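Every value quoted in this text rests on a predicted model; they were computed, and no experiment measured them.
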Amino acid sequence: QVQLVESGGGLVQAGDSLRLSCVASGLFFTRYAMGWFRQAPGTEREFVAAIRWDGYSTQYADYAKGRFAISRDNAKNTVDLQMNNLKPEDTAVYYCAADRTYGTSRYVKEYDSWGQGTQVTVSS
């Protein structure tokens with residue numbers, strides 16, 4: 001059974017940084033691309049960033065480019081999201097997801113497994 005557990009969320013001020021982490025178990029981690037998504041109240045879940053199984057290819061949502069960085073450690077079965085210069089509009093629940101595919105995807109429907117999410121709140 002695949003399990004994804006996120007951590008690292010919290011309450012910060014605008015301009016601060018946070019590092020989210022996701023630990024995966026129950027899967028051959030290197031067979032999966034990994035992604036981060038977020039969902040604010042009353043909105044649909046949206047793509048943040050994704051990383052290929054080997055870490056050599058990434059993609060980002062436009063709002064994340066230059067501020068967020070996704071990385072993975074295949075020895076530890078972890079995927080991280082470093083978020084810098086946070087803004088109030090980044091407030092959301094952030095989810096880690098696994099996609100059993102070679103490449104990366106920004107589409108929710110293509111991901112097979114999801115974590116429970118971690119809350120990020122950015123005050124102005």
Side-chain angles (χ1 to χ4, degrees):
Q1 181 179 354
V2 176
Q3 187 172 15
L4 304 175
V5 180
E6 303 97 334
S7 63
L11 172 63
V12 297
Q13 294 186 334
D16 285 351
S17 298
L18 274 178
R19 189 175 184 88
L20 306 183
S21 186
C22 171
V23 180
S25 60
L27 75 169
F28 289 102
F29 191 63
T30 53
R31 293 181 183 177
Y32 287 77
M34 299 299 293
W36 284 96
F37 291 76
R38 70 184 189 183
Q39 188 168 18
T43 69
E44 294 187 352
R45 194 166 296 188
E46 66 175 358
F47 173 72
V48 179
I51 188 167
R52 202 172 70 180
W53 70 272
D54 58 1
Y56 285 105
S57 177
T58 58
Q59 62 172 311
Y60 295 90
D62 286 344
Y63 63 81
K65 292 177 182 177
R67 296 193 299 131
F68 295 0
I70 189 171
S71 60
R72 65 189 291 161
D73 185 336
N74 286 343
K76 297 180 179 179
N77 282 17
T78 59
V79 57
D80 291 350
L81 183 69
Q82 177 67 42
M83 303 187 295
N84 299 322
N85 189 23
L86 284 162
K87 304 176 181 180
E89 52 263 43
D90 294 319
T91 295
V93 177
Y94 283 71
Y95 296 92
C96 171
D99 178 13
R100 198 177 189 283
T101 187
Y102 177 80
T104 58
S105 172
R106 60 179 56 232
Y107 301 107
V108 170
K109 63 182 180 180
E110 295 191 5
Y111 284 78
D112 309 299
S113 302
W114 294 83
Q116 293 300 305
T118 186
Q119 176 70 48
V120 172
T121 303
V122 184
S123 64
S124 57

Which atoms form the tightest heavy-atom contact between [X] and [Y], and what is the distance?
X: Gln119; Y: Val93; value: OE1-CG2, 3.2 Å
X: Cys96; Y: Glu6; value: N-OE2, 2.8 Å
X: Tyr60; Y: Ala49; value: CD2-CB, 3.5 Å
X: Glu110; Y: Asp99; value: O-OD1, 2.8 Å
X: Gln82; Y: Ser17; value: NE2-CB, 3.9 Å
X: Tyr111; Y: Ala97; value: CD2-CB, 3.4 Å

At what distance, to the nearest 0.5 angstrom, does [atom1] of [X] lie from [atom2] of [Y]?
X: Ser123; Y: Leu11; atom1: OG; atom2: CG; answer: 5.5 Å
X: Arg100; Y: Ser113; atom1: CZ; atom2: OG; answer: 11.0 Å
X: Met34; Y: Asn74; atom1: CE; atom2: CG; answer: 10.0 Å
X: Ser57; Y: Tyr102; atom1: OG; atom2: OH; answer: 8.5 Å
X: Leu81; Y: Thr118; atom1: CG; atom2: OG1; answer: 11.0 Å
X: Thr78; Y: Leu4; atom1: OG1; atom2: CG; answer: 12.0 Å

Is the gap between the ring centers of Phe37 and Phe47 under 6.0 Å? yes
Phe68 versus Tyr63: any side-chain heavy-atom pair under 4.5 Å? yes
Does the side chain of Met83 reach to within under 4.5 Å of the side chain of Leu20, using non-hydrogen atoms? yes
For Val122, what residues pass the side-chain contact (heavy atoms from CB on, under 4.5 Å) criterion, not counting sequence neighbours? Val12, Ala14, Leu86, Pro88, Asp90, Thr91, Val120
Just jot down the side-chain contact (heavy atoms from CB on, under 4.5 Å) partners of Tyr56, sequence neighbours excluded, or say none. Arg52, Asp54
In terms of hydrophobic clusters joined by side-chain contacts under 4.5 Å, are [X] and [Y] together?
X: Val108; Y: Tyr94; value: no
X: Phe29; Y: Trp53; value: no
X: Trp36; Y: Val2; value: yes

Val48 backbone acceptor or donor facing Arg38 side chain under 3.5 Å: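 Checked: no pair found.
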Ring-face cation contact, Tyr95 with Arg45, 6.0 Å cut, 45° max: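 Yes, cation above the ring, under 6.0 Å and within 45°.
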With sequence neighbours left out, what residues match Arg19 under salt bridge (Lys or Arg N to Asp or Glu O under 4.0 Å)?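 For Arg19 the salt bridge (Lys or Arg N to Asp or Glu O under 4.0 Å) partners, ignoring immediate neighbours, are Asp80.
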side-chain hydrogen bond (donor to acceptor under 3.5 Å, both in side chains) for Thr104 and Gln59? Distances and angles first, verdict last. CA-CA 7 Å; Thr104 58; Gln59 62 172 311; 2.9 Å; yes
Is it the case that over 12 heavy atoms from other parts of the model lie below 6.0 angstrom from the CD atom of Glu46? yes
